[in-house]
Amino acid sequence: MIMGHLSIMTIACCACFFAVLGILWVWGYDVVKRRSPENLPKFYLALAVVRILAVLTLAGVYILFVSRSAGQSKAFALMVGAMYVAMMAITLKIKH
């Protein structure tokens with residue numbers, strides 16, 4: 001069981017992290033579309049870079065400073081990857 005290596009607190013914190021990233025994207029998309037629709041591609045690219053950097057930083061900090069084993073690191077990386085894909089799918093479904 002992959003998620004057996006991760007605590008409920010870790011899973012909940014990651015879920016909240018991705019929920020906040022998704023909410024920021026949806027909120028920012030609405031604001032930019034309302035005020036300056038021609039800048040939507042710039043907004044999308046800028047926020048994509050921010051999301052990738054935030055996710056990689058989260059994963060790096062967890063793997064380097066929190067994880068106690070290679071199995072736990074792999075489980076965390078798989079969970080973060082799955083949550084990232086889910087966040088992208090949900091936010092794109094909401095806005096397209």
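Hydrogens, waters and symmetry mates are skipped; everything else that's a heavy atom, side chains included, is used. When a residue number appears, it is its place in the shown sequence, counting from 1.
Applying the salt bridge (charged side-chain N to carboxylate O under 4.0 Å, His left out) test to residues at least two apart or on different chains, none of the pairs has a partner in residues 32-41. Pairs of residues two or more places apart, or lying in two chains, that qualify as salt bridge (charged side-chain N to carboxylate O under 4.0 Å, His left out) and include a residue from residues 14-32 are Asp30-Lys95.
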Task: From CA spacing to verdict: side chain to side chain contact (heavy atoms under 4.5 Å, CB included), Val55, Leu21 - done: CA-CA 10 Å; Val55 169; Leu21 284 179; 4.1 Å; yes
Open item on the list: Tyr44 vs Tyr29, test: side chain to side chain contact (heavy atoms under 4.5 Å, CB included). Steps then yes/no.
Closed with: CA-CA 8 Å; Tyr44 183 77; Tyr29 181 93; over 6 Å; no
Open item on the list: Working note: Lys74 + His5, criterion side chain to side chain contact (heavy atoms under 4.5 Å, CB included); need CA distance, chi angles, decisive distance, verdict.
Closed with: CA-CA 9 Å; Lys74 288 176 188 176; His5 295 286; over 6 Å; no
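Linking ILVMFWY side-chain heavy atoms closer than 4.5 Å, directly or via other members, places Met83 and Val26 in a single hydrophobic cluster. Leu40 and Leu92 fall within a single hydrophobic cluster, where Ile, Leu, Val, Met, Phe, Trp and Tyr side chains are chained together by heavy-atom contacts under 4.5 Å.
From Ser73, atom OG reaches atom CG of Leu6 across 9.5 Å, with rounding to the nearest 0.5 Å. With values rounded to the nearest 0.5 angstrom, Trp25 atom CH2 is found 8.5 Å from Leu47 atom CG.
Nearest heavy-atom pair, Met79 versus Ile11, reported as atom, atom and distance to 0.1 Å: SD-CG1, 3.7 Å. Here the closest heavy-atom approach between residue Val80 and residue Cys14 is recorded as CG2-SG, 4.5 Å. Nearest heavy-atom pair, Thr10 versus Ser7, reported as atom, atom and distance to 0.1 Å: OG1-OG, 2.9 Å.
Take Ile90 and apply the side chain to side chain contact (heavy atoms under 4.5 Å, CB included) test, not counting sequence neighbours, and it matches Ile94. Legend: residues meeting side chain to side chain contact (heavy atoms under 4.5 Å, CB included) with Lys42, ordered by chain and number and at least two apart, are Asn39. Not counting sequence neighbours, the partners of Val20 by the side chain to side chain contact (heavy atoms under 4.5 Å, CB included) test are Leu24. Checked against side chain to side chain contact (heavy atoms under 4.5 Å, CB included), Ile52 has the following partners two or more places apart in sequence or in another chain: Leu56, Tyr84. With sequence neighbours excluded, the residues that form a ring-ring contact (aromatic ring centres under 6.0 Å, His included) with Tyr62 are Phe76.
Under the 3.5 Å distance criterion, the side-chain polar atoms of Ser36 are left unmatched by any main-chain donor or acceptor of Val32.
For Ile8, the CD1 atom is loosely surrounded, since the number of other residues' heavy atoms within 6.0 Å does not exceed 12.
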